[in-house]
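Written out below as structure tokens is the structure these notes cover.
The figures that follow rest on heavy atoms only: side chains count, while hydrogens, waters and symmetry mates do not.
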Amino acid sequence: MKLQVELEKKVKTGTIQVKFSLENEVLGILGRSGCGKSVTLKCIAGILQPEKGKIQLDDRVLYDSGRNISRKARERRIGYLFQNYALFPNLTVLENICFSLKRSDREGQAYARELMERFYLTEVADSYPAILSGGQQQRTAMARMLAARPEVLLLDEPFSALDSFLRREMEREVREVLKSFGGVSILVSHNKEEIRRLTQRCMVMEQGKIAELGRTEEIFARPGSAEGQLLIDGG
């Protein structure tokens, strides 16, 4: 699976301009708050629309300003794990996970139950998000994301709402999800250690632009930009 991204999006603080491509790998986007990390993800997912650019997944064009193509978010087959998980408060765990499935999709229903077992959610299947722990909420959000059988995974600060103990526990869960998924995934974080441990490639962003992009181990060993050096060596 290959994802190609080229976009330009105006925001209050300026203009976000990024261009990169990924193929069956995990990219970490590292940067300070407000640098454009989450906006980039939302443009890829179809939640926001850029002013111009092109987003293509293999031979399927998701967005092309020149050809006036912009597929709706639900048509892109992209899984998005929001920072606050965005669970539906009036739906149970099982209903949240099954939300994106068709009622007639028996195979999908079976897969949803497999995901509940995988993420240790069977015992809280009939519970509502308000009474779940932070870890259970995140596992429910991950199961819901995977239930739709996405072709790309986008994870937006997935550990920021968790305490230090749960962060490490859920990081192990996410690592297994990314490993078993095997396709294109993007992890956004301002935590350098999460990026170092979970990704193969790293993109450092600064004020809406790409400061540097390369193999994670190489960037962490020898940052090639002033911003990268600040975030990695001084962060």
TODO: Would you check if Asp126 and Val124 make a side-chain contact, meaning some heavy-atom pair closer than 4.5 Å?
DONE: no
Open item on the list: Does this structure show an ion pair linking Lys52 with Glu6, if we count only N-O contacts that are shorter than 4.0 Å?
Closed with: no
- [ ] Indicate whether any N or O donor in one side chain lies under 3.5 Å from an N or O acceptor in the other, for Gln200 and Thr216.
- [x] no
Open item on the list: Restricting to non-hydrogen atoms, name the atom on Leu87 and the atom on Gln137 that form the minimum distance, rounded to 0.1 Å.
Closed with: CD1-O, 3.7 Å
- [ ] State, yes or no, whether a side-chain contact exists between Gln56 and Leu62 at a heavy-atom distance under 4.5 Å.
- [x] no
TODO: Say whether, by atom type as modelled, one donor and one acceptor occur between the side chain of Lys9 and the main chain of Val39 under 3.5 angstrom.
DONE: no
Task: Donor-acceptor pair between Glu212 and Ser225 side chains, under 3.5 angstrom - done: yes
- [ ] Ignoring hydrogens and angles, tell me if any N or O in the side chain of Arg144 forms a donor-acceptor pair with the backbone of Tyr85 under 3.5 Å.
- [x] yes
Open item on the list: Leu155 vs Ile186, test: side chain to side chain contact (heavy atoms under 4.5 Å, CB included). Steps then yes/no.
Closed with: CA-CA 6 Å; Leu155 293 81; Ile186 303 178; over 6 Å; no
TODO: Please determine, by modelled atom types, if Lys2 and Gln4 share a side-chain donor-acceptor pair under 3.5 angstrom.
DONE: no
Open item on the list: Would the distance check show the side chain of Asn24 and the main-chain N or O of Val184 forming a donor-acceptor pair, the cut-off being under 3.5 Å?
Closed with: no
Task: Joint hydrophobic cluster, Phe20 plus Met205, side-chain heavy atoms closer than 4.5 Å - done: yes
TODO: Answer whether the closest heavy-atom distance between the side chains of Arg118 and Ser180 falls below 4.5 Å.
DONE: yes
Open item on the list: Checking Leu153 against Tyr80 for the side chain to side chain contact (heavy atoms under 4.5 Å, CB included) test, could you report, in this order, the C-alpha distance in whole Å, the side-chain angles of both residues, the deciding distance, and whether it holds?
Closed with: CA-CA 6 Å; Leu153 299 183; Tyr80 198 114; over 6 Å; no
Task: Val26 with Ile232, same ILVMFWY side-chain cluster at under 4.5 Å - done: yes
Task: Gln136, CD atom: more than 12 neighbouring heavy atoms under 6.0 Å - done: yes
Task: Ion pair check, Lys10 and Glu51, cut-off under 4.0 Å - done: no
- [ ] For the pair Tyr111 and Arg149, evaluate side chain to side chain contact (heavy atoms under 4.5 Å, CB included) and give the outcome as yes or no after the intermediate values.
- [x] CA-CA 10 Å; Tyr111 181 49; Arg149 300 183 186 275; 3.4 Å; yes
Task: Lys72 bridged to Glu75 by N-O distance under 4.0 Å - done: no
Open item on the list: Under a 4.0 Å threshold between the charged nitrogen and the carboxylate oxygen, would Arg167 count as salt-bridged to Glu171?
Closed with: no
TODO: Indicate yes or no: at least one non-hydrogen side-chain atom of Leu57 is less than 4.5 angstrom from one of Glu151.
DONE: yes
- [ ] Apply side chain to side chain contact (heavy atoms under 4.5 Å, CB included) to the pair Ile97 and Leu121, showing each step before the final yes or no.
- [x] CA-CA 10 Å; Ile97 295 171; Leu121 295 167; 4.2 Å; yes
Task: Test item: Lys37 side-chain N/O and Gly208 main-chain N/O as donor-acceptor pair under 3.5 Å - done: no
- [ ] Taking atom types as modelled, find out whether Asn96 and Thr140 have a side-chain donor-acceptor pair closer than 3.5 angstrom.
- [x] no
Task: Ser189 side chain to Glu194 side chain, donor-acceptor N/O pair below 3.5 angstrom - done: yes
